[in-house]
4 protein chains.
Amino acid sequence: MPRTEEQNKTIRVERKQQIMGAAMRLFSEKNPAEVSIATIAKEAGVSKGLMYSYFKSKDELELSIMNSTIDEIMEIFLVSNKVIEGPDDFTNRINRLFDHVINNVATWKIYTQLILQSKMKEFLMSPKIQDVMGWYQEQLFNYLQKQGFEDPAKEIIIVGALIDGISIQYVSAPEFIDINIVRNHILDVYAKKY
Amino acid sequence: MPRTEEQNKTIRVERKQQIMGAAMRLFSEKNPAEVSIATIAKEAGVSKGLMYSYFKSKDELELSIMNSTIDEIMEIFLVSNKVIEGPDDFTNRINRLFDHVINNVATWKIYTQLILQSKMKEFLMSPKIQDVMGWYQEQLFNYLQKQGFEDPAKEIIIVGALIDGISIQYVSAPEFIDINIVRNHILDVYAKKY
Amino acid sequence: MPRTEEQNKTIRVERKQQIMGAAMRLFSEKNPAEVSIATIAKEAGVSKGLMYSYFKSKDELELSIMNSTIDEIMEIFLVSNKVIEGPDDFTNRINRLFDHVINNVATWKIYTQLILQSKMKEFLMSPKIQDVMGWYQEQLFNYLQKQGFEDPAKEIIIVGALIDGISIQYVSAPEFIDINIVRNHILDVYAKKY
Amino acid sequence: MPRTEEQNKTIRVERKQQIMGAAMRLFSEKNPAEVSIATIAKEAGVSKGLMYSYFKSKDELELSIMNSTIDEIMEIFLVSNKVIEGPDDFTNRINRLFDHVINNVATWKIYTQLILQSKMKEFLMSPKIQDVMGWYQEQLFNYLQKQGFEDPAKEIIIVGALIDGISIQYVSAPEFIDINIVRNHILDVYAKKY
DNA sequence: CATGAATGAGCATTCATTCAT
DNA sequence: CATGAATGAATGCTCATTCAT
């Protein structure tokens, strides 16, 4: 008795995640160029041939992973598009972000590798990303202004550098880096309630 | 008559730099794994075969570039091993560092890519690197203590994160990032003269 | 639907023999070092890439052929491990051997090439080979003693030299060498019935 | 002061022998195809370039060695073209031959490798070689006839097989083979004085 | 005569992709 | 939907050969 269409759809979604999960695990340890389709297939527990039923090419698989990684990280910042309501909300968001870095080293390793690739530039400059980023910076600007910072634009850059810097250090060597020192510093400086 | 040994040495030194320069240019744009020896040879204007007269393997070439990149960056920090004498000296060092980032984007792009590679971990943990890093942190610690900071160790981490963060942003998209905002921030906070 | 495991096994066994057959044909004419994988693939009627699905490397292919050649030749001598029962049995064995040389020039060409390779020495000195050889010499010794030869050990060396010598001559130029003269000589001298 | 033409000629002859000697040493251990010109040059203590002033190509070098090896071995048999005068002369020739095998394993290793190569066939079938061989077989025939052998042609084949067989065994593993057993056997059978 | 830097064709090997089953 | 045998283009690397010095 053949599977229903519904069942097939479920299988397809599961299989796709299975494959992407395997690929992410491998890509976080090695460069995509150094990970073969055969290796990914084995890690995912499927045949090489089946891979091509889910992704037209290795490039498309890489792109899918890039997209879902970016999406995952964007989601952290967005919190469903709501405005930053005050120091507590800001604190929550920062905590969410740092916790995510700590709990998803693989994702962030991929993310940091990605932003260094020249083919990512166009991607990061795409309207979608720019929109999210622009909106987020606006939120931060308003929040920091409300908090009494003279040059909120400058502070945004500083916070961004701090987060990027400590994240890259952390994913490079999680066992040697105390990421919370920077987290607390950011909260101390930018989430003080007056 | 055959070339003198002197002449051959000169040729070999020049050629080697020619090849390493070409490789650095390409490695800064793409992952080494995605850059073929043939491409490097063409960029360097030499034949594929000659590459192997200067580097036993592609791996050795990559390693050479890793080493020279690390050496170059270490040199920025060391300033002939002298202690940090005061705010002016600190300012000079920070300027030297930021100027180097601005003028050597390729080198720093490679550097940031390198620290994400797992095979680099052992390298960065090697005594040589750890020595330099340890010595440098000691210098910074003493300087920041003299400057009146309560928790110099914390400040070192923050400055490190700031520098790493803004550098990675800058080398990713130099035309969009105003690296000097962070430079001035660091100087404002840590090089104030009392 | 995918092929059954059984079907795949059959395919792999056939293909492997196809490749080894082609390689033996070529190796019997030229030194393995002078025969490229591309040539073997063409002779076998498969793609270069497929070769590596059956043999991890060219070296492994050469080794496989060495092994199967040695095995084939050992088998000639063993005759199911039975003792040499008398002149008739001895005659049969000698005939079997000479017939095999005549009908398998390629195999013997490879065999003679092999015993000259220094890397074969350790192989020929391996316990497995030494066991078979030792057992066989013992059998011969007993037989020749029973036949009334004063110094059977000496005769074994002479017979061995005769066989090796005429074989190498025969496989070098089958059309010019009358191998049966030596066959008859051996039978005349060592299989006379009293 | 430039070298005289005489001196140059001497140098050239010496250099050539130096190179051929080095090549023979290496060829006796490894297949020519596995020995690079660079290796031969280093072993001979000359530059790669110089090799080409003495031999137009690697092939020509191999051919030169083939020729000189064959010449050297032919010389053993010929003894200045004199007829075989009797058992003592025959004994001397056999001894000369066996001693040469024992003292020139490298040469004989090359020789045995050579006769298995298909490109050697035409060489061995060349008039020059055939002449020498023919003449030598005639000598042997006459000698053996005089010694009272019924079928000298058959004996020639047997002696040839014995010598080839024991030689190939000896050069394969000199430390395990007692070549003199065959030498004595040949002398016993074919150099008995009546 | 002598050197070794330089070349490029050729080789072993890998791997994304296809396709018969 | 699922498999893995098969392909062939591309890659790292070697090596005979050339040639400026």
Side-chain angles (χ1 to χ4, degrees), chain A residues 2-3 7-8 11-12 15 33-41 46-61, chain B residues 1-5 7-12 14-15 33-41 45-59 61, chain C residues 1-5 7-12 14-15 33-41 45-59 61, chain D residues 2-3 7-8 11-12 15 33-41 46-61:
Chain A
R3 281 188 278 264
Q7 285 176 309
N8 273 335
I11 288 176
R12 283 194 74 80
R15 279 271 182 292
E34 288 172 307
V35 180
S36 73
I37 287 283
T39 308
I40 300 169
V46 301
S47 73
K48 256 185 306 169
L50 194 62
M51 304 275 303
Y52 286 84
S53 140
Y54 292 94
F55 303 95
K56 267 210 285 283
S57 67
K58 194 188 181 189
D59 249 45
E60 202 190 275
L61 169 58
Chain B
M1 285 107 237
R3 274 190 282 262
T4 64
E5 222 167 286
Q7 284 173 311
N8 275 328
K9 206 179 230 170
T10 311
I11 288 177
R12 289 193 73 82
E14 273 172 17
R15 260 317 154 278
E34 289 173 305
V35 181
S36 73
I37 284 283
T39 307
I40 302 170
V46 302
S47 70
K48 250 186 312 168
L50 194 64
M51 304 283 300
Y52 289 86
S53 160
Y54 291 89
F55 301 94
K56 269 207 277 286
S57 65
K58 195 188 177 189
D59 241 54
L61 170 57
Chain C
M1 286 107 233
R3 273 189 282 262
T4 65
E5 221 167 285
Q7 285 174 309
N8 274 328
K9 206 179 233 173
T10 311
I11 288 176
R12 289 192 72 82
E14 274 173 17
R15 261 316 153 279
E34 289 173 305
V35 181
S36 74
I37 285 284
T39 307
I40 301 169
V46 301
S47 70
K48 249 186 311 168
L50 195 63
M51 304 283 299
Y52 290 85
S53 161
Y54 291 89
F55 301 94
K56 271 207 278 285
S57 65
K58 194 187 177 189
D59 241 53
L61 169 59
Chain D
R3 279 189 280 265
Q7 283 175 312
N8 274 334
I11 288 177
R12 283 195 74 79
R15 280 271 181 290
E34 290 173 305
V35 180
S36 73
I37 286 284
T39 308
I40 300 169
V46 302
S47 72
K48 256 185 307 170
L50 194 62
M51 304 275 301
Y52 286 84
S53 140
Y54 292 94
F55 303 95
K56 266 211 285 283
S57 66
K58 194 189 181 189
D59 249 45
E60 202 188 276
L61 169 58

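Everything quoted here is computed from the prediction, not taken from an experiment.
When rounded to the nearest whole Å, the span between CE of B/Met51 and C1' of E/dA9 equals 18 Å. Spacing between atom CD1 of A/Ile40 and atom P of E/dT17 amounts to 11 Å, rounded to whole angstrom units. One can place CD1 of B/Ile11 at 13 Å from P of F/dA20, the figure rounded to the nearest angstrom. Distance CG (A/Asp59) to P (E/dC15): 16 Å, rounded to an integer number of Å. Rounding to whole angstrom units, CD of residue C/Glu34 and C1' of E/dG10 are separated by 14 Å. To the nearest angstrom, C1' of F/dA6 lies 12 Å from CG of C/Asn8.
Neither OP1 nor OP2 of F/dT14 sits under 4.0 Å from any side-chain N or O of B/Tyr52. Within the structure, every side-chain polar atom (N or O) of C/Lys48 is placed at least 4.0 Å from both OP1 and OP2 of F/dG8. Taking only side-chain nitrogens and oxygens, A/Arg15 never comes nearer than 4.0 Å to OP1 or OP2 of F/dC1. Checking the phosphate oxygens (OP1, OP2) of E/dA5, a side-chain nitrogen or oxygen of B/Arg12 falls inside 4.0 Å. Between A/Tyr54 and F/dA2 there is a side-chain polar atom (N or O) within less than 4.0 angstrom of OP1 or OP2.
Residue B/Leu50 is classed as a base contact, given a heavy-atom separation below 4.0 Å to a base. C/Thr4 comes within 4.0 angstrom of no nucleic acid atom, judged by non-hydrogen atoms across all strands.
Across all their heavy atoms, A/Ile37 and A/Tyr52 have their closest contact at CG1-OH, 3.9 Å. Minimum heavy-atom separation, B/Glu34 to A/Ala33: CG-CB, 3.7 Å. Taking both residues in full, the closest heavy atoms of B/Val35 and B/Lys58 are given as O-NZ, 2.8 Å, listed atom of the first, atom of the second, then distance. When all heavy atoms are compared, the tightest approach of D/Ile11 to D/Tyr54 is O-OH, 4.3 Å.
With the nearest nucleotide of DNA chain E identified for both C/Gln7 and A/Lys56, A/Lys56 has the one nearer the 5' end. Mapping A/Ile37 and A/Gly49 onto DNA chain E via the closest heavy atom, the residue that lands nearer the 5' end is A/Ile37. A residue-by-residue look at A/Ser53 and D/Ala38 shows that A/Ser53 has its nearest nucleotide of DNA chain F further toward the 5' end.
Listed candidates were F/dT3, E/dT21, F/dT17. Nearest to the side chain of D/Lys58 is F/dT17. The B/Ser36 side chain lies nearest to F/dT11 when the options are E/dT3, F/dT11, F/dA5.
Under a 3.5 Å cut-off, the side chain of B/Arg12 and the backbone N or O of B/Ser53 do form a donor-acceptor pair.
Pair assignment for F/dC1: none, as no Watson-Crick or G-U wobble contacts are both less than 3.5 Å.
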